[in-house]
Amino acid sequence: ASPLTMNAFQLISTSQGLNLGSLFEK
Amino acid sequence: MGCFSSTSRKQFPGHEDPILLASKTFFSVSEVEALFELFKSISKSVIDDGLINKEEFQLALFKNRKKENLFANRIFDLFDVKHKGVIDFSDFVSSLNVFHPNAPLEDKINFAFKLYDLDGTGYIEREEVKQMLIALLCESEMKLADETIEAILDKTFIEADADGDGKIDKTEWLNFVTRNPSLMKIMTLTYLRDITTTFPSFVFHSEVDEIAT
């Protein structure tokens with residue numbers, strides 16, 4: 001989706017820094 | 001077993017009794033022990049002191065210790081429950097508990113609010129959202145014109161800031177995420193459902209009788 005169709009939090013929540021799932025990936 | 005147990009706990013400050021931790025969280029005793037295996041591997045990646053420092057946390061998230069990231073820093077600060085600059089095992093389990101699939105949505109919404117309230121003022125302010133948006137753009141190497149960033153902020157605040165005072169309070173946040181449930185997806189880690197399968201070695205290090213699990 002184009003950034004313009006998203007709100008700021010939808011964009012922010014795609015940050016790798018918020019992807020805690022990667023803690024579980026060895 | 002007594003000697004092994006006490007030595008183990010001395011090396012791991014905050015390593016509360018797994019039964020006690022399980023009683024305070026949505027994790028079973030086996031799951032707490034499996035989380036301890038994960039905690040051990042992260043906490044020894046740079047300094048083997050039984051605690052997770054910021055560098056170790058970033059290394060675990062990005063597999064790259066040089067990466068400085070606003071969001072990873074915020075998560076670290078919220079996981080550092082005792083504000084000691086490090087995450088001990090009890091902090092780790094109680095923080096991950098919010099991300100458990102069975103944790104109340106209200107807890108997840110509150111945690112996300114704290115995460116985005118960068119300055120801890122009790123409001124998510126427009127400047128904070130702008131700062132996070134710019135951090136995200138830098139991280140993803142995406143370039144947007146200033147007017148585009150302002151347009152995204154305008155749109156976001158029209159949707160989220162019901163009273164139009166330029167900041168999002170807790171009630172406005174609750175209403176906003178209720179209308180945008182996808183924003184809460186990052187607050188649930190499905191990995192936590194089968195953590196004992198991901199870290200089966202907990203069985204070999206268990207300090208708890210089988211009957212208690």
Side-chain angles (χ1 to χ4, degrees), chain A, chain B residues 38-39 41-42 57-58 60-63 67-76 79 92 95-96 99 112 115-116 124 126 129-130 132-133 135-137 139-140 142 144 148-149 151-153 155-160 168 173 176-177 180 182-187 189-192 195 198-199:
Chain A
S2 155
L4 275 173
T5 65
M6 299 168 83
N7 68 54
F9 294 102
Q10 285 167 328
L11 287 166
I12 288 165
S13 62
T14 63
S15 168
Q16 180 62 27
L18 296 178
N19 176 20
L20 291 189
S22 54
L23 291 177
F24 301 85
E25 290 159 7
K26 294 172 190 173
Chain B
L38 170 63
F39 180 85
S41 73
I42 299 174
F57 190 70
Q58 292 191 342
L61 270 183
F62 300 111
K63 319 300 175 206
K67 201 148 185 171
E68 191 59 34
N69 183 286
L70 171 74
F71 304 105
N73 283 345
R74 279 304 292 158
I75 293 270
F76 181 90
F79 271 50
F92 188 68
S95 301
L96 282 178
F99 292 81
L115 179 69
Y116 296 141
I124 304 173
R126 185 175 169 116
V129 183
K130 185 174 182 176
M132 292 188 279
L133 199 47
L136 184 270
L137 294 172
E139 178 192 324
S140 52
M142 198 190 324
L144 289 181
T148 309
I149 293 174
I152 293 169
L153 290 170
K155 172 183 154 59
T156 306
F157 275 76
I158 286 169
E159 289 175 27
I168 300 162
W173 177 248
F176 182 61
V177 296
N180 296 273
S182 65
L183 293 179
M184 285 296 107
K185 273 188 190 165
I186 58 164
M187 291 305 306
L189 290 167
T190 48
Y191 293 86
L192 295 174
I195 190 77
T198 314
F199 297 95

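Chain naming here is simple, since letters A, B, ... match the order of the sequence lines and numbering starts at 1 in each.
Contacts between B:Thr198 and chain A at a heavy-atom distance below 4.5 Å involve backbone atoms as well as side-chain atoms. In this structure, the portion of B:Phe99 lying under 4.5 Å from any heavy atom of chain A is its side chain and not its backbone. Interface residue B:Leu61: backbone and side-chain heavy atoms are both found under 4.5 Å from chain A. Proximity to chain A (any heavy atom under 4.5 Å) is shown, for B:Lys130, by neither the backbone nor the side chain. Residue contact with chain A, scored on non-hydrogen atoms closer than 4.5 Å, involves the side chain of B:Phe79 exclusively. Proximity to chain A (any heavy atom under 4.5 Å) is restricted, for B:Leu115, to the side chain, taken from C-beta onward.
Ranked by non-hydrogen atom pairs under 4.5 Å with chain A, the options B:Leu136, B:Ile195, B:Leu192 are led by B:Leu136.
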Pair A:Phe9-B:Asn180, side-chain contact (heavy atoms from CB on, under 4.5 Å): steps then yes or no: CA-CA 10 Å; A:Phe9 294 102; B:Asn180 296 273; over 6 Å; no
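The two residues A:Ser13 and B:Ile186 make their nearest non-hydrogen contact at O-CG2, 3.4 Å. Summarising the geometry of B:Val129 relative to A:Ala8, their closest heavy-atom pair is CG1-CB, 3.5 Å, with the distance given to 0.1 Å. When all heavy atoms are compared, the tightest approach of B:Ser182 to A:Gln10 is OG-NE2, 4.3 Å. The two residues B:Ala60 and A:Leu23 make their nearest non-hydrogen contact at CB-CD2, 3.6 Å. Between B:Phe71 and A:Ser15, the closest heavy-atom pair is CD1-OG, 3.1 Å. Contact record, B:Lys155 with A:Met6: CE-O, 3.5 Å, taken as the closest heavy-atom pair.
Under the 30°/60° scheme for interplanar angles, the aromatic rings of A:Phe24 and B:Tyr191 are found to lie parallel.
Note that CG of A:Asn7 is 10.5 Å distant from CZ of B:Phe157, once rounded to the nearest 0.5 Å. Taking CG of A:Leu18 as the start and CZ of B:Arg74 as the end, the distance is 11.0 Å to the nearest 0.5 Å.
At least one donor-acceptor pair closer than 3.5 Å links the side chain of B:Glu139 to the backbone N or O of A:Gln16.
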